Amino acid sequence: MRYISTRGGIASISFKDAVMMGLASDGGLLLPEAYPEVTADQLESWRRLTYPELAFEVISLYVDDISAGDLKELINRSYESFSHPEVTPIVKKDGVYILELFHGVTLAFKDVALQFLGNLFEFILAERKQSLNIIGATSGDTGSAAIHGVRGKKGIAIFILHPLGKTSAVQALQMTSVTDSNVHNIALRGTFDDCQDMVKELFGDLDFKEKYSLGAVNSINWARVLAQVVYYFYAWLRVTDETDVPVHFSVPTGNFGDIFAGYVAKRMGLPIDKLLLATNENNILTRFINESDYSLGKVVSTVSPSMDIQIASNFERYLFHLFADDSDRLKEAFAELKERGRISCSPDEMALVRKDFCSVSVNQAETLQTIRDFHAETGYLLDPHTAVGVKAALDLLSPDSSRVCLATAHPAKFSETVERSLGVQVPLPESVKELYGKPTRCEIMDADICKVREFFIANIG
Ligand SMILES: *Cc1c(COP(=O)(O)O)cnc(C)c1O
């Protein structure tokens, strides 16, 4: 399989090159040249596979430059770190299926992709005798999952900036309690935007980027999307073990990475009826789907902070397909966004969008109420992100269909909010309790690019 850029400015590249490139060098996002088709018979033949076996079948369709033996080993190692034997188990509560994606080390779905990406990086770097310095900004979930994905790995150092005191307590500890010598936490006296500005500045200095082999782990890496495609197949197979009514997926959405993986699964032939895109008050994507209105607003802070996003980076991948894979049309759309703060689509294009997606925005009061109601009715605790998707599914999808809600984080990760909503304490998993006694390492500094650069140069391997 070869990979191309949405902006049409690069010659096609291999899977391994796509992993190492991250963002395409023309500023676009990388995509496979075509989506492999999975037939109904092939799908049936996958029914009895374990999660890692299924992951190999799906991922290997996109990878032809790593041997089958090596790829299997990378995949097995990535999912051994999960605390549940099924990796992403599914439970049925109150007429909806909850797809639990939070059994990885940092208790959020990002582990599914970042454990795999960490192993892929290490494998490719060893083969090429290269090293990589990963720099990223986080509001909490991506940073912790990325750190755990690469801790102790050869040839890789990681520097993660987070806003001091502005993540949840568990998120901060999941980062700062990792004291491996290749992991560097920086807590900035500032906001998440300040952290992002620092990272952008370092990446914007092309000589610096080249000299120090900078790399990124944000959700634009194709390998992350690919790893997430697997659980749509896994969940579909589990649900259709029981019943054959239409299957919908409800996805709490921020950067459009998770739901784009669902779209890829659908393009490959997985019979998904609708992808329900659930947003919080940051609802630009809901406005787009329902009212053809893609116009930028201001970011609002909510109880589901990992979805507090206006510009969803992976949305470019979807727009490229919506525009019939026409890079010129895509570039026009982004020029319009830059000039006028919006993207316009034709009625025909919007009809295509609505064939695959439906959407609803769930406000914070509704989210907290959903956590309470769901707990009262089923005894099951939802984290605030998952609650957005569950509320959306209950409101929008027919109870006569199979409604699969992606549970993107464990409630203990956002225990402050869940406890505030319920008035009861969230039982903490052992891995979280242990965090509180561990030694931590973290550099606290002002949001000053000179200081950040100095720290980076002093600490690279
Ligand atoms: C990252 C994240 C999301 C949003 O996922 P996207 O792929 O950015 O759309 C939702 N919930 C949680 C808990 C997350 O960490």
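Note that ligands are numbered from 1 as they come in the structure, with each ligand's atoms numbered from 1 the same way. This one's a predicted model, so the numbers in the text were calculated from it and none came from an experiment.
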TODO: Enter the distance from Cys195:SG to Ile135:CD1 here, rounded to the nearest 0.5 Å.
DONE: 12.5 Å
Open item on the list: Please report the interatomic distance NE2(His184) to CZ(Arg441), rounded to the nearest 0.5 Å.
Closed with: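 The distance works out to 6.5 Å.
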TODO: May I ask you to decide whether Asp194 forms a salt bridge with Arg189, counting only side-chain N to carboxylate O separations under 4.0 Å?
DONE: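 Arg189 and Asp194: not salt-bridged.
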Open item on the list: Any salt bridge linking Arg340 with Glu336? Criterion: basic side-chain nitrogen under 4.0 Å from a carboxylate oxygen.
Closed with: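 Result for this pair is yes, salt bridge flagged.
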At less than 4.0 angstrom from any non-hydrogen atom of [X], what atoms of ligand 1 do you find?
X	answer
Gly257	6 (P), 7 (O), 9 (O)
Ala409	13 (C)
Pro252	4 (C), 10 (C)
Asp141	12 (C), 13 (C), 14 (C), 15 (O)

Open item on the list: When you compare the side chains of Asp356 and Tyr318, does any donor N or O come within less than 3.5 Å of an acceptor on the partner?
Closed with: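 No, because no side-chain N or O of Asp356 sits under 3.5 Å from a partner of the opposite role on Tyr318.
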Task: Distance-only donor-acceptor check, side chains Glu281 and Thr302, under 3.5 Å - done: no
Any nitrogen or oxygen of [X], side chain or backbone, less than 3.5 Å from one on ligand 1?
X	result
Phe109	no
Ala108	no
Thr253	no
Gly254	yes

Task: Distance under 6.0 Å and angle within 45° of ring axis: Arg2 vs Phe15 - done: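 The answer is no, since Arg2 fails at least one limit relative to Phe15.
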Please compare [options] and report which has the shortest non-hydrogen distance to [atom].
atom	options	value
atom 2 (C) of ligand 1	Lys110, Lys413, Arg224, Gln228	Lys110
atom 7 (O) of ligand 1	Asp383, Asp258, Asn280	Asp258
atom 12 (C) of ligand 1	Leu101, Thr142, Thr408	Thr408

Open item on the list: Return the closest protein heavy atom for atom 6 (P) of ligand 1 as residue, atom name and distance.
Closed with: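 Result: Asn255 N, 3.5 Å.
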Open item on the list: Counting only heavy atoms from other residues, nucleotides and ligands, does the tally under 6.0 Å from CD of Gln425 exceed 12?
Closed with: no
